[in-house]
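By convention in this document, chain letters (A, B, ...) are assigned in the order of the sequence lines, proteins followed by strands, and residues within each chain are numbered from 1.
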Amino acid sequence: MGLRLYNTMSGKTEEFTPLGDTVKIYTCGLTVQSEPHVGHIRAAMVRDTLMRWLGYLGYRVVALENFTDVDDKIIEKQKEYNKDWRMIAQDNIDTYLRACDQLNIMRATFYPRASQHMEEIINLVVQLIDKGFAYEKKGDVYFRVRKFPEYGKLSKKSIDDLMSGARIAPTESKDDPLDFALWKAAKPGEPYWLSPWGKGRPGWHVECSAMSMRYLGETFDIHTGGEDLIFPHHENELAQSLAATGKPFARFWLHNGWVTLTGEKMSKSTGHYSPIKDVLAKYSANVIRMFMLKTHYRKQLAYDDERLDEARAALMTIRTYIDNAANKYGEMEEILEPMMLDTFTEAMNDDLNTSRALSVIYELIKRSYKEDDFKIAASVNYYYSLLGFTREIESVIEPYKDVMEVVREVEEKLKSAGRSEILKEICAGFHDRIINIKHVNELYSQIIALLLDIRMKLRDEKNYELADYIRQRLLDNNIIVDDTSDGSTFRSGTV
RNA sequence: GGCGGUAUAGCCAAGUAGCAAGGCGGCGGUCUGCAAAACCGCUAUUCGCCGGUGCAAAUCCGGCUGCCGCCUCCA
């Protein structure tokens, strides 16, 4: 069986096949009035996982992720901080994209912004007025919800239920409290664009319809976003799009569960959230990814430092295995045919069940330690990067300098102990070892290997004091040394 | 008030009918200069509570309770 995805529209898990050659994805990105937090990253991580898996399955993917850079909130911020709304938007977009890159989240194909698609937005609104689905009132334009019989289908709400719970500001000049704004007249001092209804700006929702149609066409494959967007955002987006084109809009609606903090949903409007930059200051990209992939994307996820620490430990088990395997078999990137186990494929095909996919990795690891087959190691390595984890040292220059410092310290200690000849002896072959090196990472590894050789000599001489000193200094630099019966190996102390 | 989600070991978490995955943590052992890694064994007779349907239920049905959320800006 191929990929199956849970579709919010049907409430069921459905077989996925794309409409055309290329899978077209639209992700509801940020309204960029304040800094991105862990919740936004989760949504991006879902898109990333989906893109990676579709890529593995052999599909070409075009993915859009929008920035809604003009709305009520950002205008409020402009007044509050006396800072141009465009600057506020740009700062938050920069922070977000930088975080995504750091997290190894695959870039979307395009990141369109509402403010740069006014023509498409205005055209869509005109179309809706022409078709009788929208009306103008004093420079505002509203969508007539009752004109659209399928309203509520996505969020499973009936118009009557909505009416009974409606809390609509009485000042608005709508014909019906449920109607929502497509276009808002500008007040003095607010940013505006010229339109057939005077100076104004788009309402929330309409930009997503306009931009998805522009880049993906009237019908596309998958729409993703946080669960909190189902109503009203996606319901409205759907209504506008269907009303305008009369054609199906998104074929699959995927919604991720939200991230909670101390039991409550993270939300920038309440200020109850963890900014992603703070989290990245404490935890690595891989750890944050593990934290998210451990839980199925549709479930609620509680953000908590203890959970992150646990994710780090869980990841360390895999990382240790991969580093040990690399020591044993050599680097595995070039092995072209890792085993793709049915259990892994089946887990991912089952609505991207990363939790189950991870368990397959752990079972492989357990098996590998017993069977001693490099193919298993290569497969673990492959799965690891397929899920978006990395083994790169972000920059090898700093750790390289630190390790050279350890070399100097050891040299001093040997000299003062009158044992300089150990260094001379061990270093004799060093030139040959590094002569063919192509990457600085390998040089770094060779320097560490040199220290381990010195240490081995010291251990043979039962000079445990200096041997332990070397081990400790390497540990200070996040390099863990393991002594096995076949000699010493080292691995990363961080993930 | 209306609508929706969720409840599985100390913690996290898969699992939609056939003997309860996996991770973290813990305990005991092997290996070892020490440390670490690894390996072996143990760690839920039971899946929020009550009732029902099945030969068989964590899994289906009904009821109850707790937690979270949406109905207003939100990934």
Q: Would you classify B/rG54 as syn or anti? Syn applies when the glycosidic angle is within 90° of 0.
A: syn
Q.
I'd like to check A/Pro112 versus A/Leu64 (side-chain heavy atoms, cut-off strictly below 4.5 Å). Are they in contact?
A. yes
Q: Looking only at side-chain atoms of A/Ser269, point me to the closest of B/rG33, B/rC73, B/rG23.
A: B/rC73
**Q.** Pairwise side-chain contact, A/Arg298 with A/Asp351, heavy-atom cut-off 4.5 Å (strictly under)
**A.** yes
Q: Please check if atom CD in A/Glu371 has more than 12 non-hydrogen atoms from other residues, nucleotides or ligands closer than 6.0 Å.
A: yes
Q. Is a side-chain donor or acceptor of A/Lys277 paired with a backbone partner of A/Tyr96 at a separation under 3.5 angstrom?
A. no
Q) Using atom C1' of each nucleotide, how far apart are B/rC19 and B/rA44 to the nearest Å? A) 14 Å
Q: State whether the distance check finds a donor on one side and an acceptor on the other, under 3.5 Å, for side chain A/Arg471 versus base B/rA35.
A: yes
Q | hbond_proxy A/Asp483 side chain to B/rC34 base (donor-acceptor, 3.5 Å cutoff) | A | yes
Q. Does B/rC67 have a Watson-Crick or wobble mate here (both distances under 3.5 Å), and if so which one?
A. B/rG5
Q: Measure up the A/Phe143 and A/Phe148 rings against each other and bin them: parallel (under 30°), tilted (30 to 60°), perpendicular (over 60°).
A: perpendicular
Q: Decide yes or no for A/Tyr151 and A/Lys157: does some side-chain heavy atom of the first lie under 4.5 Å from some side-chain heavy atom of the second?
A: no
Q. Would you say B/rA75 has OP1 or OP2 under 4.0 Å from some side-chain N or O of A/Thr31?
A. yes
Q. Taking for each residue the nucleotide of RNA chain B with the nearest heavy atom, is it A/Asp482 or A/Arg367 whose nucleotide lies nearer the 5' end?
A. A/Asp482
Q. Is A/Tyr464 touching bases, backbone alone, or none of the nucleic acid, heavy atoms closer than 4.0 Å?
A. base
Q: Would you mind classifying the nucleic acid contact of A/Val46 as base, sugar-phosphate or nothing, using non-hydrogen atoms under 4.0 angstrom?
A: nothing
**Q.** Pairing partner (Watson-Crick or G-U wobble, both distances under 3.5 angstrom) of B/rG25
**A.** B/rU43
Q. Under the criterion side-chain contact (heavy atoms from CB on, under 4.5 Å), which of A/Leu364, A/Ile376, A/Asn381, A/Ile361 is the partner of A/Tyr321?
A. A/Ile376
Q.
Base, sugar-phosphate or nothing for A/Arg307? Non-hydrogen atoms, less than 4.0 Å.
A. sugar-phosphate
Q.
For a quick check, tell me whether the side chain of A/Asp468 and the base of B/rG33 share a donor-acceptor pair closer than 3.5 Å.
A. yes
Q: Determine the contact category for A/Gly39: base if any of its heavy atoms lies under 4.0 Å from a base atom, sugar-phosphate if only primed atoms, P, OP1 or OP2 are that close, otherwise nothing.
A: base
Q. What nucleotide, of B/rA13, B/rC73, B/rA37, holds the atom closest to the side chain of A/Lys73?
A. B/rC73
Q: Quick one: label A/Lys299 by what it contacts on the DNA or RNA (base, sugar-phosphate, nothing), any heavy atom closer than 4.0 Å.
A: sugar-phosphate
Q: Answer with base, sugar-phosphate or nothing: what part of the nucleic acid does A/Thr317 contact at a heavy-atom distance below 4.0 Å?
A: sugar-phosphate
(Q) What is the distance, to the nearest angstrom, from the CZ atom on A/Arg459 to the P atom on B/rA35? (A) 12 Å
Q | A/Glu227 (side chain) and B/rG4 (base): donor-acceptor pair under 3.5 Å | A | no
Q.
What's the closest nucleotide to the side chain of A/Lys366 if the choices are B/rA14, B/rG23, B/rG69?
A. B/rG23
Q | Base-pairing assignment for B/rA38 (Watson-Crick or G-U wobble, both under 3.5 Å) | A | B/rU30
Q) What is the distance from NE2 of A/His234 to C1' of B/rA75, rounded to the nearest Å? A) 9 Å
Q: Assign A/His296 to base, sugar-phosphate, or nothing according to its heavy-atom contacts below 4.0 angstrom with the strands shown.
A: sugar-phosphate
Q) Considering only heavy atoms and no angle criterion, is a donor-acceptor pair shorter than 3.5 Å present between the side chain of A/Arg356 and the base of B/rG15? A) no
Q: Determine the interatomic distance between C1' on B/rG23 and the same-named atom on B/rU43; round to the nearest Å.
A: 14 Å
Q: Using a 4.0 Å heavy-atom cut-off across all strands, classify A/Thr295 as base, sugar-phosphate, or nothing.
A: sugar-phosphate
(Q) I want to verify a distance call: between B/rA75, B/rG15, B/rC11, whose nearest atom is closest to the A/Asn353 side chain? (A) B/rG15
Q | CD (A/Glu465) with more than 12 external heavy atoms under 6.0 Å | A | no
Q: Take atom CZ of A/Arg42 and atom C1' of B/rG69, then tell me their distance rounded to the nearest Å.
A: 14 Å
Q. Rounding to a whole Å, what distance do you find between A/Asn236:CG and B/rC71:P?
A. 11 Å
Q. Are any non-hydrogen side-chain atoms of A/Leu216 and A/Val62 less than 4.5 angstrom apart?
A. yes
Q) The side chain of A/Ser355 lies closest to which of these nucleotides: B/rG2, B/rC68, B/rA21? A) B/rA21
Q) So what does A/Val481 touch, heavy atoms closer than 4.0 Å: a base, only the sugar-phosphate, or nothing? A) base
Q) What nucleotide, of B/rC68, B/rG69, B/rA37, holds the atom closest to the side chain of A/Lys265? A) B/rG69
Q) Just checking A/Glu306: base, sugar-phosphate only, or nothing, at a heavy-atom cut-off of under 4.0 Å? A) nothing
Q) Quick one: which of B/rA36, B/rA21, B/rA14 gets closest to the side chain of A/Arg491? A) B/rA36
Q: Figure out the CD/P separation between A/Glu461 and B/rG33, and round it to whole Å.
A: 17 Å
Q) Which one is paired to B/rG54, where only Watson-Crick or G-U wobble pairs with both distances under 3.5 angstrom count? A) none
**Q.** d(CZ, A/Phe231; C1', B/rG69) in whole Å
**A.** 14 Å
Q.
Need to verify one output field. Residue with the more 5' nearest nucleotide on RNA chain B, A/Arg298 or A/Met290?
A. A/Arg298
Q: Look at all strands and tell whether A/Gly263 reaches a base, only sugar-phosphate, or nothing, counting heavy atoms closer than 4.0 Å.
A: sugar-phosphate
Q. At under 4.0 Å between heavy atoms, what does A/Arg455 touch on the DNA or RNA strands: base, sugar-phosphate, or nothing?
A. base
Q) What is the distance from OH of A/Tyr283 to C1' of B/rC24, rounded to the nearest Å? A) 14 Å
